[in-house]
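Heads up: numbering here begins at 1 and tracks the sequence. Both counts, for ligands and for their atoms, begin at 1 and track the order of listing.
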Amino acid sequence: MTLIEKLESGKRLTYEDGVSLYNLDLITLGKYASKIREEKHGRKTYYNVNRHINPTNICKDVCHFCAYSASRKNPQPYTLKHEEIMATVEQSVKNGIKEVHIVSAHNPDTGLEWYLEIFAKIKEKYPQLHVKALTAAEIHFLSEQYNKSHEDIINLMIQNGVDSMPGGGAEVFDEEVRKRICGGKVTSQQWLDIHKLWHEKGRQSNATMLFGHIESRAVRVDHMIRLRELQDLTGGFNAFIPLVYQKENNYLKVTDFPTANEILKTFAISRIMLDNIPHLKAYWVTSTIKLALIAQEFGANDLDGTIEKESINSAAGANSANGMKQKEFLELIESSRFIPVQRDSLYNEVD
Ligand code: V47
């Protein structure tokens, strides 16, 4: 069977097929990715009204792509007090958020309680608010720092009111590239095992892939295949989020930004390869909003959220520090001839 015959029949593609997809032209890839998107979601594009909070930028790990960590090019270390975080959440709840997304650097000085008790405080005051928090990288850091198993940390997250896990910290799974961009933090297998454990508790999470730096196309496809294999076992991933690498203020020394063609091909190939992950998110922060809107024609059915404040990617050059207004989201999605649908964190539609 040729690659096109496999695409026509909807047959699951192998790793080799996935790498060969990059040799097809963008419009052909868009046709097949759009077909899958239409079957799964029609013309609907999801977004949510959320707030990102990054409580500390002090990090014991060294990731070469990161411009956010205070121990490197960002000279302003901070650690928020719980009262400060609660004041932010209170204001954002007044603004109508449905989700708070809390991710930190790996700060060895705060104590485990500082990381966990804030979730319980938020849940107690706002039981209806969805708490998406702690990447697998943070879970691994906390388990090592406080001599606990991954499962111990996961149980503590659940006890303290975390509802779902974000997809950060995955970067790329290929061990050689990983060693060069973020050696020393959670390994690929540990990242996958932590999400597996979380799914086995009946919980859901997302998965990211950081691309457009020193990795090859084959490395991206390998990343997708490892996620697809885990998803076959657990079914716990809601969304796949290809994050476009931002090149400012870090130590990776990549001068080229991936072309729009390469970014859109990667979205389309993700949609085709990850047949078992329901949603493909074009995170407007790293793709730019213009390309995220075009990505709707290449398989993406979710643009993430309003965010309000963004620190990690804007530190590396993304134009996202102040988030996006809901009205703007609606108008942009509508004007690109898709149907905007507000969702909650687990993809239930919100009136
Ligand atoms: O894990 C860091 C990435 C991630 C850079 O789960 C960079 O719904 C690009 O994971 N260029 C954090 N990316 C963001 C994240 C996320 C965002 C939105 C939604 C969800 C979700 C997850 O940002 C990090 C890292 O992979 N990152 N530095 C950079 N220079």
Side-chain angles (χ1 to χ4, degrees), residues 46-48 50-54 57 59 61-69 72-74 98-106 130-141 162-173 177-178 181-182 185-186 188 191 195 198 203-215 223 227 236-254 257-258 263 277 279-288 292 302-320 323-324 343-347:
Y46 293 102
Y47 70 94
N48 73 346
N50 67 347
R51 166 86 201 197
H52 280 203
I53 302 180
N54 305 116
N57 64 350
C59 199
D61 281 304
V62 179
C63 296
H64 293 266
F65 53 78
C66 183
Y68 169 69
S69 157
R72 297 176 59 74
K73 285 207 167 172
N74 178 343
K98 302 281 185 296
E99 169 192 283
V100 63
H101 177 157
I102 303 181
V103 171
S104 281
H106 306 162
H130 184 102
V131 178
K132 180 160 85 179
L134 293 185
T135 65
E138 287 174 277
I139 294 172
H140 178 66
F141 154 70
V162 176
D163 295 298
S164 70
M165 265 177 72
E171 322 315 352
V172 285
F173 292 142
V177 178
R178 197 173 183 84
I181 65 170
C182 60
K185 78 168 181 188
V186 66
S188 307
W191 190 99
H195 280 262
W198 182 253
R203 303 290 174 130
Q204 295 171 44
S205 66
N206 291 334
T208 57
M209 172 180 76
L210 181 65
F211 77 102
H213 42 92
I214 60 166
E215 88 295 350
H223 189 94
L227 287 172
F237 289 118
N238 268 330
F240 179 60
I241 312 162
L243 298 170
V244 184
Y245 170 67
Q246 311 293 304
K247 61 183 167 55
E248 304 298 328
N249 306 321
N250 65 35
Y251 287 86
L252 210 47
K253 301 270 177 285
V254 174
F257 194 69
I263 293 169
I277 298 189
H279 303 282
L280 177 64
K281 189 187 284 192
Y283 184 45
W284 63 268
V285 166
T286 65
S287 62
T288 74
D302 183 14
L303 300 190
D304 198 77
T306 48
I307 295 174
E308 290 191 5
K309 183 174 180 339
E310 200 285 318
S311 308
I312 299 176
N313 297 108
S314 54
N319 183 18
S320 52
M324 176 90 83
R343 61 161 175 85
D344 69 12
S345 307
L346 304 179
Y347 290 86

Shortest reach to atom 11 (N) of ligand 1 by a heavy atom, considering only Q246, H213, E99: Q246
Subset of ligand 1 atoms that lie under 4.0 Å from at least one heavy atom of I312: 2 (C)
Sub-4.0 Å heavy-atom contact, V285 with ligand 1: no
For E171, atoms of ligand 1 separated by under 4.0 Å from a heavy atom: 1 (O), 25 (C), 26 (O)
Parallel, tilted or perpendicular: rings of Y46 and Y347 (30°, 60°): perpendicular
Which segment of T135 sits under 4.0 Å of ligand 1 when only heavy atoms are counted: neither
Proximity to ligand 1 by part of N313, non-hydrogen separation under 4.0 Å: side chain
For ligand 1, the portion of V244 having any non-hydrogen atom under 4.0 Å away: backbone
Any M165 heavy atom less than 4.0 Å to ligand 1: no
Close-contact set for ligand 1 against G167 heavy atoms, below 4.0 Å: 6 (O), 21 (C)
H101 and ligand 1 - part of the residue with a heavy-atom distance under 4.0 Å: side chain
Selected option - heavy-atom contact closest to atom 24 (C) of ligand 1, from A170, A207, G169, C63: G169
E248 touching ligand 1 at heavy-atom level, < 4.0 angstrom: no
